[in-house]
There are 2 protein chains.
Amino acid sequence: MTPPASGDRRPASSTAIAVGAKIRQRREQRGMSSAELARRAGLSKATLSQLEGGRGNPTIETLDALAIALRIPLTDLLARDTDPGPVLVAGTDLADGEVGRELLRRISGGNSLEIWRLRMPPGTHLEGVPHATGTIEHLLVSSGHLTAGPTDAPTDLGPGDLLAFAGDAPHTYRTGPEAADVTVVIASPIIG
Amino acid sequence: MTPPASGDRRPASSTAIAVGAKIRQRREQRGMSSAELARRAGLSKATLSQLEGGRGNPTIETLDALAIALRIPLTDLLARDTDPGPVLVAGTDLADGEVGRELLRRISGGNSLEIWRLRMPPGTHLEGVPHATGTIEHLLVSSGHLTAGPTDAPTDLGPGDLLAFAGDAPHTYRTGPEAADVTVVIASPIIG
DNA sequence: GGCAATCGTTCGTTATAGTGAACGCAGAGT
DNA sequence: ACTCTGCGTTCACTATAACGAACGATTGCC
């Protein structure tokens with residue numbers, strides 16, 4: 001039993017500290033007061049103060065409200081920009097006929113960088129939604145064959161091939177009778 | 001006033017539904033039971049069941065624990081599957097026993113970005129040249145096995161694994177009795 | 001069949017994230 | 001000097017996220 005209840009908060013996890021710092025950073029970039037951000041996000045000033053101080057443990061609803069109020073993607077609040085040490089993302093097993101589409105890695109700051117692994121069974125057809133202007137998308141084929149690229153000029157690709165194209169136009173990925181395992185690297189200019 | 005307290009949960013936000021689906025998807029890819037994932041993440045089965053069902057509103061500590069147990073980046077759980085949005089570098093043939101080390105692509109501006117393909121026959125040992133401070137190096141294994149990473153803390157990698165580590169420290173790549181085909185993505189911050 | 005294990009779910013309770021109402025501190029009028 | 005207004009923080013309380021303990025369903029083994 002903790003004594004009746006004090007205003008104390010938990011010791012603060014490293015994640016909480018990082019997220020809190022990020023919130024404050026973005027808020028100050030926007031030139032907002034903490035009172036104003038709290039109002040826009042529909043939170044109490046108390047909660048925001050706790051979070052920015054790195055004390056506390058927000059829920060995703062809270063973070064989502066903050067991200068919307070700050071007009072940034074939710075993931076930006078959680079993106080660990082500089083990793084202290086090595087990060088290992090284990091390979092995953094995939095059921096037969098399933099499409100694997102995994103974000104393996106994300107870096108923001110300067111340009112943002114995302115590394116995806118895309119695994120397509122035979123006869124798959126995916127439509128890529130255009131990204132922000134200036135985005136460049138890279139496909140690197142680990143195994144198999146596919147036809148991919150801008151919808152108006154797709155290219156046949158085989159193992160070891162690399163295709164780079166503007167990600168702000170419509171584009172497609174399509175496998176024939178053979179499955180394909182593709183690494184996708186997406187480099188986007190940062191959004192102000 | 002809600003009646004005294006039932007097992008009911010909130011109506012479920014769209015974010016909660018998306019996150020829950022993602023957790024379940026990743027867990028099943030790993031071939032883990034929900035009981036096992038709960039155990040590894042240090043959560044109760046009840047909590048996990050609620051979350052995967054899209055009911056509930058997890059805290060970042062909870063999500064962090066799950067991400068670690070699933071060995072994926074925290075942001076992956078929250079990434080809105082923004083669908084991925086021409087230069088062609090053809091794959092090259094490689095003679096038996098030869099080491100392939102090719103720069104496939106280089107981008108500058110914001111972050112500079114290099115994509116390499118590294119093909120190592122069995123029993124190869126390479127020393128990586130340290131890059132600029134702040135550089136992050138990513139290894140994505142297409143096939144085979146190798147031991148790689150910072151010289152003082154190398155990691156065993158298999159097909160589909162991604163390893164990210166600071167590129168400004170000495171690092172090595174070493175294959176055992178098996179060859180390896182690796183994609184290397186090097187991201188360096190631009191010096192203002 | 002009978003039993004034991006493990007699964008994923010739903011229950012009632014407990015710990016805690018978020019709240020509203022204070023507080024002290026600045027700067028701007030009057 | 002004295003109010004006012006808005007800032008960022010700390011307090012006691014309330015709403016609720018996470019918990020432990022059930023549950024029925026399934027599977028495997030004897």
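A note on names: the letters A, B, ... follow the listed sequences, proteins ahead of strands, and every chain is numbered from 1.
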Report task. With sequence neighbours excluded, tell me which residues meet side chain to side chain contact (heavy atoms under 4.5 Å, CB included) with B/Ala38. Result -> B/Lys45, B/Leu48
Query raised in the report: Looking for any heavy atom pair under 4.0 Å, which part of the strands does B/Ala46 touch: base, sugar-phosphate only, or nothing?
Result: base
Report task. With sequence neighbours left out, write down each residue that passes salt bridge (Lys or Arg N to Asp or Glu O under 4.0 Å) with A/Glu28, or none if nothing qualifies. Result -> none
**Report entry** NZ/NE/NH1/NH2 to OD/OE distance under 4.0 Å, A/Glu36 and A/Arg27
**Finding:** no
Query - Euclidean distance, atom CZ of residue B/Arg24 to atom C1' of C/dG8 [Å, nearest integer] - result: 8 Å
Query raised in the report: To the nearest angstrom, how far is A/Arg55 atom CZ from D/dT9 atom P?
Result: 7 Å
Report summary line: Residues pairing under side-chain hydrogen bond (donor to acceptor under 3.5 Å, both in side chains) where one sits in residues 143-154 of chain B, two or more places apart or in two chains, turn out to be B/Thr147-B/Asp156
**Report entry** N or O in side chain of B/Ser34 less than 4.0 angstrom from C/dT9 OP1/OP2
**Finding:** no
Query raised in the report: B/Thr59 or A/Ala35: which one's nearest nucleotide on DNA chain D is closer to the 5' end?
Result: A/Ala35
**Report entry** Whole-Å distance separating the CE atom of B/Met32 from the P atom of C/dG8
**Finding:** 12 Å
Report summary line: In whole angstroms, the gap separating P of C/dT16 from CG of A/Leu51 amounts to 16 Å
Query - Neighbours of DNA chain C within residues 37-45 of chain A, by heavy-atom distance under 4.0 Å - result: A/Gly42, A/Leu43, A/Ser44
Report summary line: Winner on side-chain proximity to A/Ser33, out of C/dT10, C/dT19, D/dG8, is D/dG8
Report summary line: In whole angstroms, the gap separating P of D/dA18 from CD1 of A/Ile60 amounts to 9 Å
Query raised in the report: What does B/Ser49 touch in the nucleic acid at a heavy-atom separation under 4.0 angstrom: a base, only the sugar-phosphate, or nothing?
Result: base
Query raised in the report: CD of B/Glu36 versus P of C/dA5: gap in Å, rounded?
Result: 18 Å
**Report entry** Atom pair distance, as rounded to whole Å: CD in A/Glu52 and C1' in D/dT9
**Finding:** 12 Å
Requested in this report: Please list, chain by chain and in numerical order, all residues satisfying salt bridge (Lys or Arg N to Asp or Glu O under 4.0 Å) with A/Arg174, sequence neighbours excluded.
Outcome: none
Requested in this report: Check whether any side-chain N or O of A/Thr175 sits under 3.5 Å from a backbone N or O of A/Met120 as a donor-acceptor pair, and report yes or no.
Outcome: no
Report summary line: Hits for salt bridge (Lys or Arg N to Asp or Glu O under 4.0 Å) against B/Glu178, two or more places apart or cross-chain, chain-then-number order -> none
Requested in this report: May I ask you to verify if any side-chain N or O of B/Arg27 is less than 4.0 angstrom from the OP1 or OP2 atom of C/dC7?
Outcome: no
Report task. Report the distance from atom CG of A/Leu48 to atom P of C/dT19, rounded to the nearest whole Å. Result -> 10 Å
